[in-house]
There are 2 protein chains.
Amino acid sequence: MGKKMSNLSNSMEEYLKKLLTLSTAGSIDIRRKELASKFSCVPSQVNYVLETRFTLEKGYLVESKRGGKGFVRIRKIQLPAENILAMFFQDIMAGRINESKVRGLIQRLYESKYISFRESKIMEAALESLKIIKDELLREKLRASLFHEMLLMLVKITL
Amino acid sequence: MGKKMSNLSNSMEEYLKKLLTLSTAGSIDIRRKELASKFSCVPSQVNYVLETRFTLEKGYLVESKRGGKGFVRIRKIQLPAENILAMFFQDIMAGRINESKVRGLIQRLYESKYISFRESKIMEAALESLKIIKDELLREKLRASLFHEMLLMLVKITL
DNA sequence: CCCGGTTTGACCATCTTTGACCTTTACAAG
DNA sequence: CTTGTAAAGGTCAAAGATGGTCAAACCGGG
């Protein structure tokens, strides 16, 4: 099994995901300070975990409120499968789609069961291969082309 | 000839292979610095050993993570689908593999049931996307990179 | 002497942890 | 209302913890 090294951030991530799993509403509210205290760390560590593990790209939405009765709310988002492709189609056709958007796209297609886990990984690998390109502009163009072709193919074979 | 010299690299190689043998999971996690310290050498020596003795062609997969609680993981793998992957790894690693070879590779991976029809189509689409590159040399390099990453991913997710 | 494999070290990249300082909000006192 | 303040949470940059790269130096055999 791919067991993760247990540093503080990983532990906190696991803990929060566990809570999310247990919650029927698919969302949890926490107190930043309390959580930090529970893990014996500074409060800003919580932000670090949220920023690196609970991003939109990874399918989470984080909201918060300061002051008295403040909170941090983490929600697992479920996007409508049918609209995902359309959402990104514009960017891709325009040849302008950044890496983080693409990763989000792959993630969402997988979550919506449009592609399998293996397929998502193959697409990620393809994305990864572009890293050898130095020229940022060319890389952007290729990224768009790559996903244009792959998505088109998916549409074709799904008919 | 025939007998290996017992230099540092060989000793470290043996040590790591011993550990791998003893591990039930077929994978070990080490700390680069610790290992180097154990062998009284600089950390980069570890990389040298990994690069020369634990390559994919030799049946090993190395992953790592930097930062706090980082690690270097070495996994023993069995190159699946007989030698289909192995046959192409040489060319791919060397960054030289032409389009027809790649298409042949995809076809064989599919026929040997190593990848699904959909997966083969996604890979073909990725290959297709490279057509927008004018520079023949760059295209060749990217094609190799693309399949290097995708095959590596296949190996990883098949464990 | 030359060559390939080996050994080292300086410098780099990435991920995590911590802390000082900042902003927002609820609420009670005036 | 207005304002003061305590109670949240947010930002950012530095420090710490690992691993990665690359090229020069080293070294033993042919």
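These figures come from a predicted structure and were not determined experimentally. Here is how names work: the chains are called A, B, and so on, in the same order as the sequence lines, proteins then strands, and each is numbered from 1.
Under 4.0 angstrom from either OP1 or OP2 of D:dG20 there lies at least one side-chain N or O belonging to B:Ser64. Not one side-chain nitrogen or oxygen of A:Arg73 sits closer than 4.0 Å to the OP1 or OP2 atom of D:dA8. Distances shorter than 4.0 Å separate none of the side-chain N or O atoms of B:Tyr48 from OP1 or OP2 on C:dT7.
Partners of A:Arg31 under the side-chain contact (heavy atoms from CB on, under 4.5 Å) rule, at least two apart in sequence or in another chain, are A:Glu34. Listed by chain and residue number, B:Phe39, B:Cys41, B:Gln45 satisfy the side-chain contact (heavy atoms from CB on, under 4.5 Å) test with B:Leu8 (two or more places apart in sequence, or in another chain). Listed by chain and number, the residues in a side-chain contact (heavy atoms from CB on, under 4.5 Å) with B:Lys121 are A:Met153, A:Ile157, B:Phe117, B:Glu124 (sequence neighbours excluded). Shown here are the side-chain contact (heavy atoms from CB on, under 4.5 Å) partners of B:Thr21, two or more places apart in sequence or in another chain: there are none.
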Below 3.5 Å between N/O atoms, which protein atoms pair up with nucleotides 26-28 of chain C? Just atom names and distances, please.
unit_1: C:dA26; atom_1: OP1; unit_2: A:Lys65; atom_2: NZ; d: 2.8
unit_1: C:dC27; atom_1: OP1; unit_2: A:Lys69; atom_2: NZ; d: 3.2

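Position along DNA chain C of the nearest nucleotide to B:Gln45 versus A:Gln45 favours B:Gln45 as the more 5'-ward residue.
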Run the side-chain donor-acceptor check on residues 48-56 of chain B: report pairs under 3.5 Å with partners two or more places apart or on a different chain.
unit_1: B:Thr52; atom_1: OG1; unit_2: B:Tyr48; atom_2: O; d: 2.8
unit_1: B:Thr52; atom_1: OG1; unit_2: B:Val49; atom_2: O; d: 3.4
unit_1: B:Arg53; atom_1: NE; unit_2: B:Glu13; atom_2: OE1; d: 3.2
unit_1: B:Thr55; atom_1: OG1; unit_2: B:Lys58; atom_2: N; d: 3.3

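In this structure, the CZ atom of A:Phe71 is 16 Å from the P atom of C:dT24, given to the nearest Å. Between the CG atom of B:Leu8 and the P atom of D:dC26 there is a distance of 17 Å, rounded to whole Å. Look at CE on B:Met12: it is 12 Å from C1' on C:dT6, rounded to the nearest Å. The distance between atom CG of A:Asn10 and atom C1' of C:dT17, rounded to the nearest whole Å, is 13 Å. Residue B:Asn47 contributes atom CG, which lies 18 Å from atom P of C:dC11 at whole-angstrom precision. For the pair A:Asn7 CG and C:dT14 C1', the interatomic distance rounds to 13 Å; values are reported in whole Å. Across the protein-nucleic acid pair, B:Glu63 atom CD and D:dG20 atom C1' stand 16 Å apart, rounded to whole Å.
The side chain of B:Glu51 sits closest to D:dT21 out of D:dT21, D:dG10, C:dT16.
Within the structure, salt bridge (Lys or Arg N to Asp or Glu O under 4.0 Å) pairs that include any residue of residues 101-112 of chain A comprise A:Lys76-A:Glu111, A:Asp91-A:Lys101, A:Glu99-A:Arg103, A:Arg103-A:Glu128 (at least two apart or interchain).
Contacts with DNA chain D (heavy atom under 4.0 Å) in residues 31-44 of chain A: A:Arg31, A:Arg32, A:Lys33, A:Ser44, listed by number.
Among the atoms of the strands shown, only primed sugar atoms or phosphate atoms (P, OP1, OP2) are found under 4.0 Å from some heavy atom of A:Ile30.
Here the shortest heavy-atom pairing between B:Ile74 and B:Leu20 reads O-CD2, 3.7 Å.
Alongside B:Val42, the hydrophobic cluster contains no other residue (criterion: ILVMFWY side chains under 4.5 Å).
Within the 3.5 Å criterion, the main-chain N or O of A:Ser11 finds no donor-acceptor partner in the side chain of A:Ser6.
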